[in-house]
There are 2 protein chains.
Amino acid sequence: MSDAYYLQLTEQLRTLIDQNAAQWKGKLPAERVLAERFATTRVTLRQALSQLEGEGLIHRSNRRGWFISPARLVYDPTRDAGFNDYVRAQGRQPRTAVLKLEARVHPPAARALGLPDDQPFQHIRRRRYVDDRAVLVESLWVVPERAPELLDIYAGQSLWGLLRERWGHYLANRSIRMVSEALSPLDAEELSVAPGTAGLNINRAIFDDQQRPIEYDEEHWLHDSLCISVELSGQR
Amino acid sequence: MSDAYYLQLTEQLRTLIDQNAAQWKGKLPAERVLAERFATTRVTLRQALSQLEGEGLIHRSNRRGWFISPARLVYDPTRDAGFNDYVRAQGRQPRTAVLKLEARVHPPAARALGLPDDQPFQHIRRRRYVDDRAVLVESLWVVPERAPELLDIYAGQSLWGLLRERWGHYLANRSIRMVSEALSPLDAEELSVAPGTAGLNINRAIFDDQQRPIEYDEEHWLHDSLCISVELSGQR
DNA sequence: CCCGGTGATTGGTATAGACCAGAAGTGTGC
DNA sequence: GCACACTTCTGGTCTATACCAATCACCGGG
């Protein structure tokens, strides 16, 4: 079929992974071992592995090796179920680590919310896991007036839950953007992956039912851990 | 800053591209030329170029060279504006080439629409362009009863327009899924890109206002040509 | 002036080997 | 039994080179 050797290799690896997934417990043998088994060089082998990485079948943890990717998380950005809820609803274990809490300006957030560039925000940066694999990092930029003591009380719980229960905010209007990206060195390091790993960038600008800005957030997902799903039912 | 040379190279290329975009008319110099200019090998140079490719700044047309990528098309999958409409609305030129018209079974489509595996469909495969760059290929699988003479009359126009105007179908309920992918050798060839190029796969199952299945479609986009945008306003 | 042949150019693929830095595993001494 | 230093393993990066096949630019013939 395909003339290129690395494409044949890709197929052979695919079946090999399929057959040995259980025995390997999720981690592939070392590149040098695989290269020898297929009588080729690491360069060519890595080209084949990168192919499978692009498909989302395997991924690598920086300098630790290649791993078989778990099933993608199904995610509907149009609903406002929190991360913890929909991860659990899919029978998986969510976890969140707070990386930073601070007050800062952030012009991109200000612009997305229609505020002046020097508008200060309460910034929360956190990393989120599914079954102990870090799948995304995100930054949240909350308008201080909407959640005055946020930085003092926040400890990793659902932000949307807090906004609703403590401050009574309706997250009524959302403007969402999604683009594929290569993870920045910073994001990559926080996710323990190689710089430039393929990712998906999701941004949201959120307003309440009176069009007052509430918050802006930027999510950086590993590209292979996500399946976006939207269900729409009849209008127009 | 970044230790790795190819990451420095990436930055240098970024500014170089910025400065010379106009003069180069969208096409980068040959790899060998660039490699020599930066006193490195093609292998390393390609690593840096791949980095920029992942970011969506440049792309390659198979065996023809590297090109500067145009701005992403903004696309809202929740609205039912046709491709031609929203491309023009962004001041750009749409074009469609029909690649295939046939009657066939297609189990994945059948399953997505809740029909038996041996359900026949009217299959349309087409390639779509923005400003003469092929940005996606797609397959449409239409339930024959909903559009009897489709294969005879179809000639590249808007399918949704046809369904609405000729057969009076309401495309009321949609189930949409989006996942990142590596383009299959077939898709890649039809888009004139290297096999395994990063892409975005968008699937839709469409039902009318009485929940009768109408059609299923599979789009394969080049990852760098798309920005998904969704605007939601208040309910709940 | 159009067409087709031809050769140079260019990206795609592959080999062989090397060094480095981070991660993991090992062992030693307290 | 635990903390820490050391060694080994592994992926990440890089050099230098080679050949092939598709493409492109050029040129000559009809």
Side-chain angles (χ1 to χ4, degrees), chain A residues 1-13 24-54 58-68 134 182-183 185 188-198, chain B residues 1-13 24-54 58-68 134 182-183 185 188-198:
Chain A
M1 330 249 98
S2 312
D3 23 5
Y5 181 51
Y6 84 95
L7 286 176
Q8 297 172 34
L9 237 189
T10 302
E11 295 316 308
Q12 293 180 40
L13 283 170
W24 288 344
K25 290 187 236 162
K27 183 177 189 310
L28 269 62
E31 291 181 0
R32 287 171 174 84
V33 174
L34 288 173
E36 193 174 5
R37 170 163 347 177
F38 289 103
T40 184
T41 45
R42 271 181 71 209
V43 180
T44 302
L45 176 80
R46 276 170 69 87
Q47 202 173 352
L49 289 171
S50 299
Q51 193 76 17
L52 296 174
E53 184 186 29
I58 58 178
H59 65 273
R60 47 201 164 134
S61 182
N62 211 3
R63 284 177 192 283
R64 299 200 313 119
W66 292 88
F67 298 83
I68 301 174
L183 293 176
E189 197 194 324
E190 290 184 339
L191 290 170
S192 300
V193 296
T197 298
Chain B
M1 350 231 108
S2 312
D3 23 3
Y5 181 50
Y6 84 93
L7 287 175
Q8 296 173 34
L9 238 187
T10 302
E11 295 315 309
Q12 292 181 40
L13 282 169
W24 288 343
K25 290 187 237 161
K27 184 178 189 309
L28 269 61
E31 291 181 0
R32 286 171 174 84
V33 174
L34 289 173
E36 193 175 7
R37 168 163 349 177
F38 289 104
T40 185
T41 45
R42 273 181 68 209
V43 180
T44 302
L45 192 258
R46 277 170 69 88
Q47 202 174 354
L49 289 171
S50 299
Q51 192 75 18
L52 295 174
E53 184 185 29
I58 58 177
H59 65 274
R60 49 203 162 131
S61 181
N62 210 5
R63 285 179 188 282
R64 301 202 313 118
W66 293 88
F67 298 84
I68 300 174
L183 294 175
E189 197 194 324
E190 291 184 338
L191 289 170
S192 300
V193 297
T197 299

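Proteins get letters first, then strands, A, B, ... in listed order; numbering begins at 1 in each. As the structure is a computational prediction, the values presented were derived from the model and not from experiment.
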Between the protein and nucleotides 23-26 of chain C, list the N/O to N/O atom pairs that are separated by less than 3.5 angstrom.
residue, atom, partner, partner atom, Å
dA24(C), OP1, R64(A), NH1, 2.8

query: Within the structure shown, what part of the strands sits under 4.0 Å from R32(B) by heavy-atom distance: base, sugar-phosphate, or nothing?
result: base
What is the distance, rounded to the nearest whole Å, between atom [atom1] of [X] and atom [atom2] of [N]?
{"X": "L34(B)", "N": "dT9(C)", "atom1": "CG", "atom2": "C1'", "answer": "15 Å"}
{"X": "E189(A)", "N": "dA21(C)", "atom1": "CD", "atom2": "P", "answer": "16 Å"}
{"X": "F67(B)", "N": "dT10(C)", "atom1": "CZ", "atom2": "C1'", "answer": "11 Å"}
{"X": "R60(A)", "N": "dG22(C)", "atom1": "CZ", "atom2": "P", "answer": "17 Å"}

query: Does any residue of residues 40-47 of chain B have a heavy atom under 4.0 Å from DNA chain D, and if so, which ones, in number order?
result: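 Under 4.0 Å from DNA chain D: T40(B), T41(B), R42(B), V43(B), T44(B), Q47(B).
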query: Which is the 5'-most and which the 3'-most nucleotide of DNA chain D that has an atom under 4.0 Å from a heavy atom of chain B?
result: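 On DNA chain D, the outermost contacted nucleotides are dT13(D) to dC24(D).
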- prompt: If you find the nucleotide of DNA chain D closest to V33(A) and the one closest to P195(A), which residue's nucleotide is nearer the 5' end?
  reply: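 The residue whose closest nucleotide sits nearer the 5' end is V33(A).
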query: E31(A) pairs by salt bridge (charged side-chain N to carboxylate O under 4.0 Å, His left out) with which of R63(A), R37(A), R46(A)?
result: R46(A)
- line: One should read off an interatomic distance between I58(B) CD1 and Q51(B) CD, to the nearest 0.5 angstrom, of 10.0 Å
query: Which heavy-atom pair separates F67(B) from S61(B) by the least distance, and what is that distance?
result: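 Between these two residues, the closest heavy atoms are CE1-CB, 3.7 Å.
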